[in-house]
Amino acid sequence: MAYLDSMGTRGERLKKARLEAGYRTATDAARSLGIPYPTYAAHENGSRQYEADEAVVYARKFKVPIEWLLTGKGGVVSPLPNTPLASVPVIGIVRAGIWQDINAGDNSLYEVVPAAPDAPAEWQYAFTVEGTSLDKIAQPGDILVCLDCIKSRLDIQDGDLVIVEWSRFGGQMVERTAKRIRRSISGIELWPESNDPAFQEPLRLDGAVDGDTIEVRAKVLWIMKRP
């Protein structure tokens with residue numbers, strides 16, 4: 001078991017993790033990670049700060065705690081086996097305002113993506129973001145890696161980002177979106193993370209009419225940014 005200090009910036013901690021993992025240069029690390037060198041180099045030199053989803057990938061690769069990379073805390077490292085990341089399927093798209101036939105195909109960019117490391121891969125799947133209904137935190141082409149609520153018996157918490165499915169015609173047509181859980185005295189509200197004026201009003205879980213249903217299907221564990 002090794003101990004990491006709470007040194008400086010995220011970029012400085014990333015460089016230390018890279019060196020401790022045996023990658024002598026940023027070029028070597030970027031090549032092994034399969035990401036563009038300018039992206040990795042910007043994260044390490046601090047010209048562009050990496051976010052939580054990217055920290056997941058770095059922490060797994062360099063075998064350091066995610067919390068330490070992001071905050072400088074939790075710098076106790078236990079040895080991890082050098083095993084590949086599990087993969088999960090991309091099963092569809094999220095896009096507000098678009099009704100999808102559940103029997104139709106989709107335009108997902110990838111067939112599989114890495115699973116989030118903090119939950120069993122068999123409980124996870126992913127969606128591709130389309131449109132502007134999530135543009136505060138995710139752009140078209142980004143991937144939402146999700147944890148299925150039923151399989152995991154997950155208790156959704158206030159503030160969670162979740163996949164919401166609005167179904168009609170007996171479930172034949174579905175509008176699938178990602179929204180933020182907000183609990184109020186009147187019930188659970190589902191708020192958009194969008195700058196688009198068209199997507200500013202919240203949904204209510206009990207707001208479906210005419211035989212429609214609204215349900216929370218999954219929790220978003222991390223957002224995989226497009227290159």
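Predicted model, so just to flag it, every value in this text is computed and none were measured.
- Side-chain heavy atoms closer than 4.5 Å link hydrophobic residues (I, L, V, M, F, W, Y) into clusters, and following such links, even through other members, never connects Val57 to Leu19.
- In terms of heavy-atom proximity, Pro114 sits nearest to Trp222 at O-CZ2, 3.6 Å.
- Distance alone, capped at 3.5 Å, places no donor-acceptor pair between the Arg95 side chain and the Val129 backbone.
- Residues forming a side-chain contact (heavy atoms from CB on, under 4.5 Å) with Ala198 (at least two apart in sequence, or on another chain): Asp196.
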Inset, instruction - Carefully, step by step, assess Lys16 and Glu44 under the rule salt bridge (charged side-chain N to carboxylate O under 4.0 Å, His left out). - result: CA-CA 9 Å; Lys16 180 177 177 63; Glu44 191 171 289; over 6 Å; no

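- Across Ser133 and Ser194, no two heavy atoms sit closer than the pair O-CB, 3.3 Å.
- The backbone N or O of Ala119 sits less than 3.5 Å from a side-chain atom of Gln124, completing a donor-acceptor pair.
- Checked by atom type, the side-chain pair Asp135/Thr132 shows no donor-acceptor distance below 3.5 Å.
- The minimum heavy-atom distance linking Tyr37 with Ala26 is given by the pair CE1-CB, 3.8 Å.
- By the side-chain contact (heavy atoms from CB on, under 4.5 Å) test, Pro120 pairs with Glu122, Trp123, sequence neighbours left out.
- Residue Val174 is not grouped with residue Ile98 when hydrophobic side chains (ILVMFWY) are merged at heavy-atom distances under 4.5 angstrom, including chains of intermediate members.
- A search for salt bridge (Lys or Arg N to Asp or Glu O under 4.0 Å) contacts involving Arg182 returns nothing, not counting sequence neighbours.
- Note that CG of Leu161 is 6.0 Å distant from CG of Leu134, once rounded to the nearest 0.5 Å.
- Qualifying salt bridge (Lys or Arg N to Asp or Glu O under 4.0 Å) partners for Lys15, counting only residues two or more places apart in sequence or in other chains: none.
- For the salt bridge (Lys or Arg N to Asp or Glu O under 4.0 Å) test, residues two or more places apart in sequence or in another chain that qualify with Glu193 are Arg180.
- Leu14 CG to Thr9 OG1: the interatomic distance, rounded to the nearest 0.5 Å, is 9.0 Å.
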Inset, instruction - I would like to know whether Leu221 and Leu144 meet side chain to side chain contact (heavy atoms under 4.5 Å, CB included); could you show each step before the answer? - result: CA-CA 8 Å; Leu221 296 178; Leu144 307 181; over 6 Å; no

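- Checked for salt-bridge contact, Arg48 and Glu54 meet the test: a charged N lies under 4.0 Å from a carboxylate O.
- When hydrophobic clusters are built by joining Ile, Leu, Val, Met, Phe, Trp and Tyr residues whose side-chain heavy atoms come closer than 4.5 Å, directly or via intermediates, Phe199 is not grouped with Trp166.
- Closest heavy-atom contact between Arg18 and Arg24: NH1-O, 2.8 Å.
- For residues 162-172, the salt bridge (Lys or Arg N to Asp or Glu O under 4.0 Å) pairs, not counting sequence neighbours, are Glu165-Arg176, Glu165-Arg217, Arg168-Asp212.
- A distance of 6.0 Å separates CG of Leu33 from NZ of Lys61, quoted to the nearest 0.5 Å.
- Although no hydrogens or angles enter the test, the distance criterion places no donor-acceptor pair under 3.5 Å between the side chain of Ser32 and the main chain of Asp28.
- Annotation: side-chain contact (heavy atoms from CB on, under 4.5 Å) contacts of Ala218 (sequence neighbours excluded): Tyr125, Cys146, Ile163.
- With sequence neighbours left out, Thr177 forms a side-chain contact (heavy atoms from CB on, under 4.5 Å) with Ala96, Val164, Glu175, Lys179.
- Hydrophobic clustering (side-chain heavy atoms under 4.5 Å, transitive across Ile, Leu, Val, Met, Phe, Trp, Tyr) keeps Val220 apart from Trp191.
- Hydrophobic clustering of Ile, Leu, Val, Met, Phe, Trp and Tyr side chains at less than 4.5 Å, counting indirect connections, unites Val162 with Leu154.
- Between Ala126 and Val88, the shortest heavy-atom contact is CB-CG2, 4.5 Å.
- Applying the side-chain hydrogen bond (donor to acceptor under 3.5 Å, both in side chains) criterion to Asn45, with sequence neighbours excluded, gives Ser47.
- In this structure Arg183 satisfies the salt bridge (Lys or Arg N to Asp or Glu O under 4.0 Å) test with no other residue, sequence neighbours excluded.
- Legend: residues meeting ring-ring contact (aromatic ring centres under 6.0 Å, His included) with Tyr58, ordered by chain and number and at least two apart, are Tyr40, His43, Tyr50.
- Scanning both residues, Pro65 and Ala59, for their nearest heavy atoms gives C-CB, 4.2 Å.
- Under the side-chain hydrogen bond (donor to acceptor under 3.5 Å, both in side chains) criterion, Gln200 pairs with no residue at all, not counting sequence neighbours.
- For the atom pair CZ (Phe62) and CD (Glu20), the distance works out to 11.5 Å, reported to the nearest 0.5 Å.
- Contact of the Ile156 side chain with the Cys149 side chain is registered, since non-hydrogen atoms from C-beta on lie closer than 4.5 Å.
- With rounding to the nearest 0.5 angstrom, the CG atom of Leu190 is 11.5 Å from the CG atom of Asp160.
- Residues Phe127 and Ile143 are not in side-chain contact: their nearest non-hydrogen atoms beyond the backbone lie 4.5 Å or more apart.
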